[in-house]
Amino acid sequence: MSHQYTEVERDRLAKLDRIKAAGIDPYPPRTRFGDLRLMAAEASRRILAWQATLPEQADQERATTLHTGDSSVCAVMGRIVARRVMGKASFVSIEDGSGRLQLYARVGPDSVDAASFERFRDLDLGDFIEAKGNLFITKTGEPTLRVADWSLLSKSISPLPIAKEEKQPDGSVKRYSAFTDPESRYRQRYADLAVNPEVREIFRMRARIIRALREFLDSRGFLEVETPILQPIYGGAAARPFITHHNQLDQDLYLRISFELYLKRLLVGGIERVYEIGRDFRNEGVSFKHNPEFTQLEFYAAYMDVFSVMDLTEEMMQTVAREVLAATGGKTRFRGHEIDLTQPWQRIKLRDAILQHAEIDYAEFPDRDSLAAAIIAQKLMPPEVVTGKTRGKLIDGLLGDFVEKNLIQPTFLYDYPRDISPLAKSKAGDPATVERFEGFVGGIELCNAFSELNDPLDQEQRFLEEMRGGDDEAQPMDEDYLRAMRYGMPPNGGFGMGIDRLTMLLTNNDSIREVLLFPHLRKEE
RNA sequence: GGGCCGUUAGCUCAGCCUGGUAGAGCAGAGGACUUUUAAUCCUUGUGUCGCAGGUUCGAAUCCUGCACGGCUCACCA
């Protein structure tokens with residue numbers, strides 16, 4: 001179905017025809033003033049600095065009254081985001097990657113001729129232009145470029161939902177009828193980014209976070225790798241996969257649900273410290289903290305264990321927070337809470353956390369049925385929810401229902417049930433418990449780590465236990481992974497973290513969709 | 001999947017309770033204006049009121065179903 005043009009769009013198409021008829025290319029292949037280009041923020045900074053060099057206060061005021069400005073010629077390019085057009089003079093504001101700058105054109109020897117002015121005042125919000133001239137400051141103190149020459153760089157046909165902005169006395173900006181409908185913003189992220197600068201800032205922050213994580217790991221001898229996204233056997237987590245098919249090989253393949261089993265194969269191969277940042281895919285529900293595809297960091301380090309990984313995680317998070325949240329000294333706000341990521345993390349045994357928040361000591365109920373009975377007796381969960389859950393899943397349920405939301409400041413919980421941790425090493429002398437931790441901040445789970453199981457016989461048993469469970473999220477047996485492990489895998493600590501959730505935390509966004517450029521939505525119509 | 005709320009002009013919204021087939025601001029169009037900055041002043045157009053049924057003489061409005069979305073609960077170790 002082809003696009004039905006609105007009346008405004010038809011007007012602009014007619015304008016486009018007039019532009020072409022005048023011999024002007026509305027989509028020129030290159031700029032004319034690229035060599036002279038200044039970013040908008042740099043132009044503002046430069047002219048304000050020039051003003052400050054004037055010897056006397058009176059001279060500075062005189063400069064703005066006469067609005068002569070400095071004598072150097074520069075050029076700016078960007079999108080028109082505001083227009084104030086008068087009979088023979090006109091102001092437009094353009095926005096580029098650095099910010100906004102006001103342009104001033106008038107009919108006169110110091111600016112443009114009448115024909116050029118007519119075309120200038122005919123510009124629309126959303127058009128891209130370049131303009132060349134000198135910088136000056138208006139009597140209201142606004143850094144401005146006086147247009148001596150200009151060109152259209154790209155004509156906008158559909159009106160962008162550009163909001164009007166009013167500068168408040170306190171310096172803040174009040175925005176009128178901003179583009180806010182979440183569905184429209186996600187479906188048309190291009191328009192969202194174009195008119196909401198703070199959205200662009202989220203994704204700059206996201207890139208900074210990932211860069212800081214890379215730098216941290218690179219500087220500690222980790223090798224970044226890429227492993228298969230299309231996998232013949234999925235594993236490394238408990239989740240339902242997406243299934244696809246290779247036609248020529250006539251083979252079903254799965255989109256990976258985790259990188260874990262491939263990265264640990266590399267430890268067998270002698271890569272002692274390895275990490276990957278990439279996309280995982282899980283065929284499950286969407287929520288404020290779940291998207292079907294999401295970005296994960298996993299690292300594995302030979303000769304580390306769960307506690308040394310805990311130390312490294314703490315250091316990594318502090319480093320990233322200081323780097324990304326330099327302005328606030330590593331503090332962030334999230335879901336209404338002030339969170340300090342530079343403080344040492346609390347470390348609590350899962351058992352103690354559940355004892356504190358759910359008032360049940362699961363260690364007193366060593367088998368599944370006694371724990372289930374106690375949970376029902378204490379009315380912690382309704383009986384129908386308890387049915388069919390293993391002991392580990394019951395404990396995990398208590399964690400999710402009673403503990404997680406209370407873990408606001410950075411906290412590690414450790415010592416997890418074995419049956420929900422099929423790839424983690426058992427704790428010495430405590431076969432029901434594994435050496436595992438999860439990190440929580442702001443009431444959500446952020447990361448997960450363990451002393452990785454490197455005993456191929458134990459691992460085989462775990463796979464068999466999983467398959468017996470009949471869980472549709474159980475990990476399938478991966479014979480090749482066991483074959484790798486039989487060659488000998490060094491003891492190692494592994495770690496996984498959701499980058500999207502970390503970005504939510506560091507940018508104070510309550511929804512994962514705000515930190516994904518193109519979040520999953522149902523198809524239109 | 002459940003609950004609640006929403007869907008009206010390009011954007012932000014009012015109108016719905018109490019049915020008489022649609023409004024405001026901004027954006028747009030025409031005019032005035034050579035330092036404006038939510039520019040101002042005059043004139044002016046704009047809609048399958050999410051979709052499909054039903055009730056009614058008459059539905060944006062009441063009813064039912066559906067679609068899409070938001071929040072939330074469940075699920076997601």
Side-chain angles (χ1 to χ4, degrees), chain A residues 4-12 14-15 64-67 81-93 100 102-108 110-111 117 121 124-126 136-142 144 146 157-168 173-188 191 195 237-240 257 282-292 294 382 384-385 389-390 392-397 399-401 404 416-424 436 438 445 448 466 471 473-475 510-511 513 521-525:
Chain A
Q4 296 295 309
Y5 286 104
T6 64
E7 196 170 328
V8 172
E9 288 170 333
R10 287 196 299 271
D11 282 349
R12 290 203 187 177
K15 193 178 282 185
T64 58
T65 312
L66 293 178
H67 50 264
V81 291
R83 301 169 63 226
R84 292 173 293 282
V85 176
M86 286 162 288
K88 288 178 178 166
S90 183
F91 293 88
V92 306
S93 295
R100 293 183 173 195
Q102 176 170 270
L103 310 183
Y104 171 61
R106 68 170 170 182
V107 180
D110 62 346
S111 186
F117 181 76
R121 63 176 288 169
D124 291 302
L125 292 178
F136 72 105
I137 294 174
T138 66
K139 69 180 182 189
T140 55
E142 180 87 10
T144 303
R146 184 198 325 276
I157 302 301
S158 302
L160 273 173
I162 292 173
K164 287 220 170 188
E165 295 186 351
E166 182 180 25
K167 282 181 192 148
Q168 303 295 100
V173 173
K174 185 177 178 186
R175 211 178 291 173
Y176 293 85
S177 58
F179 185 49
T180 55
D181 177 59
E183 181 180 359
S184 303
R185 286 181 48 235
Y186 300 149
R187 288 202 193 280
Q188 300 190 44
V195 303
R240 283 184 289 270
I257 58 171
R282 296 188 185 175
N283 204 341
E284 288 166 351
V286 298
S287 80
F288 78 93
K289 56 180 177 175
H290 295 90
N291 194 65
F294 62 100
E384 64 272 19
V385 173
K389 283 201 163 65
T390 63
K393 289 211 168 191
L394 289 172
I395 292 168
D396 194 59
L399 165 60
D401 290 349
E404 183 171 4
Y416 273 65
R418 170 185 150 122
D419 72 78
I420 55 169
S421 314
L423 303 165
R436 171 179 175 184
E438 288 185 320
E445 181 199 332
N448 177 25
E466 284 269 304
D471 190 328
E473 291 183 346
Q475 311 223 11
D510 289 353
S511 169
R513 293 181 168 191
L521 297 171
R522 252 178 251 265
K523 64 172 182 265
E524 279 183 273
E525 293 163 356

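Sequence lines set the chain letters: A, B, ... in the order given, protein chains first and strands last, and positions in each chain run from 1. In this text, all values refer to a predicted model and were calculated from it rather than measured experimentally.
- As a whole-Å value, the separation of A:Q188 CD from B:rG69 P is 15 Å.
- Going from atom CZ of A:R187 over to atom CG of A:L521 covers 5.0 Å, rounded to the nearest 0.5 Å.
- Residue A:E445 is out of contact with every strand shown, counting any heavy-atom pair closer than 4.0 Å.
- Spacing of C1' atoms, B:rA9 relative to B:rC5, comes out at 23 Å, to the nearest Å.
- Spacing between B:rC66 and B:rC71 at atom P, rounded to whole Å, works out to 22 Å.
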Polar pairs (N or O, both sides) under 3.5 Å between protein and nucleotides 2-11 of chain B?
residue : atom : partner : partner atom : Å
B:rC11  : O2'  : A:S177  : O            : 2.9

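- A:R100 comes within contact range of no nucleotide atom at all, as no heavy-atom separation falls under 4.0 Å.
- Among the atoms of the strands shown, only primed sugar atoms or phosphate atoms (P, OP1, OP2) are found under 4.0 Å from some heavy atom of A:E165.
- In this model, the phosphate group of B:rA39 is approached by a side-chain N or O of A:R84 to a distance below 4.0 Å at OP1 or OP2.
- Contact annotation for A:R513: backbone-only contact, meaning every heavy-atom pair under 4.0 Å involves sugar-phosphate atoms and none involves a base.
- Base contact: A:V85 has a heavy atom under 4.0 Å from a base atom.
- For A:R121 and A:S90, the side-chain atoms include no donor-acceptor pair closer than 3.5 Å.
- Nucleotides B:rG28 and B:rC17 place their C1' atoms 35 Å apart, quoted to the nearest Å.
- Annotation: B:rA39 and B:rA32 have their C1' atoms spaced 14 Å apart (nearest Å).
- When rounded to the nearest whole Å, the span between CD1 of A:I162 and C1' of B:rU12 equals 15 Å.
- Straight-line distance between the P atoms of B:rG30 and B:rU12: roughly 26 Å, to the nearest whole Å.
- If you take atom P in B:rC62 and the same atom in B:rC16, they sit 9 Å apart, rounded to whole Å.
- Between the CG atom of A:D110 and the P atom of B:rU34 there is a distance of 15 Å, rounded to whole Å.
- Using a 4.0 Å heavy-atom cutoff across all strands shown, A:Y104 reaches at least one base atom of the nucleic acid.
- Between A:R83 and the phosphate of B:rA27, there is no side-chain N or O to OP1/OP2 separation shorter than 4.0 Å.
- Nearest-nucleotide assignment on RNA chain B puts the 5′-proximal partner with A:K139, out of A:K139 and A:R436.
- Atom CZ of A:F179 is separated from atom OG of A:S184 by 5.0 Å, given to the nearest 0.5 angstrom.
- Using a 4.0 Å cut-off, no side-chain N or O of A:R10 falls inside it from OP1 or OP2 of B:rU46.
- Under 4.0 Å is where a charged nitrogen must lie from a carboxylate oxygen, and between A:E166 and A:K164 no such pair does.
- Side-chain contact check for A:N291 and A:R513: no donor-acceptor pair (N or O, by modelled atom type) lies under 3.5 Å.
- Pairing partner, B:rG65: B:rC51, with both Watson-Crick or wobble hydrogen-bond distances short of 3.5 Å.
- Pair check for B:rA60 finds none; no Watson-Crick or G-U wobble contact set falls under 3.5 Å.
- If you take atom C1' in B:rC42 and the same atom in B:rG58, they sit 39 Å apart, rounded to whole Å.
- The base-pairing partner of B:rG19, taking Watson-Crick or G-U wobble contacts with both distances under 3.5 Å, does not exist among the strands shown.
- Taking atom CZ on A:F91 and atom C1' on B:rC33, their separation rounds to 13 Å, with Å as the unit.
- Within the 4.0 Å cut-off from OP1 or OP2 of B:rA39, at least one side-chain nitrogen or oxygen of A:K164 is found.
- Rounded to an integer number of Å, the gap from A:E166 CD to B:rU36 P is 16 Å.
- Both distances falling under 3.5 Å, in either a Watson-Crick or a G-U wobble arrangement, occur for no nucleotide opposite B:rA38.
- B:rU12 is paired with B:rA24 under the Watson-Crick or G-U wobble criterion, all donor-acceptor distances under 3.5 Å.
- The cationic atom of A:R146 (NZ for Lys, CZ for Arg) lies less than 6.0 Å from the six-membered ring centre of A:F136 and within 45° of the ring axis.
- As a whole-Å value, the separation of A:L125 CG from B:rA38 P is 15 Å.
- Applying the 4.0 Å criterion to OP1 and OP2 of B:rG69, one finds that A:R522 has a side-chain N or O inside that range.
- In summary, A:E404 and A:K289 engage in a salt bridge, as defined by a charged side-chain N under 4.0 Å from a carboxylate O.
- Distance, A:K523 NZ to B:rG50 C1': 17 Å, rounded to whole Å.
- Within 4.0 Å (heavy atoms only), A:F294 reaches no atom of the nucleic acid at all.
- Going from the P atom of B:rC4 to that of B:rC41 covers 46 Å, rounded to whole Å.
- Atoms CD1 and CG, from A:I157 and A:D11 in turn, are 11.0 Å apart once rounded to the nearest 0.5 Å.
- Every residue two or more places apart in sequence or in another chain was checked for a salt bridge (Lys or Arg N to Asp or Glu O under 4.0 Å) with A:R282, and none qualifies.
- Using the Watson-Crick or G-U wobble rule with both distances under 3.5 Å, B:rC4 pairs with B:rG70.
- With rounding to whole Å, A:K393 atom NZ is found 11 Å from B:rC75 atom P.
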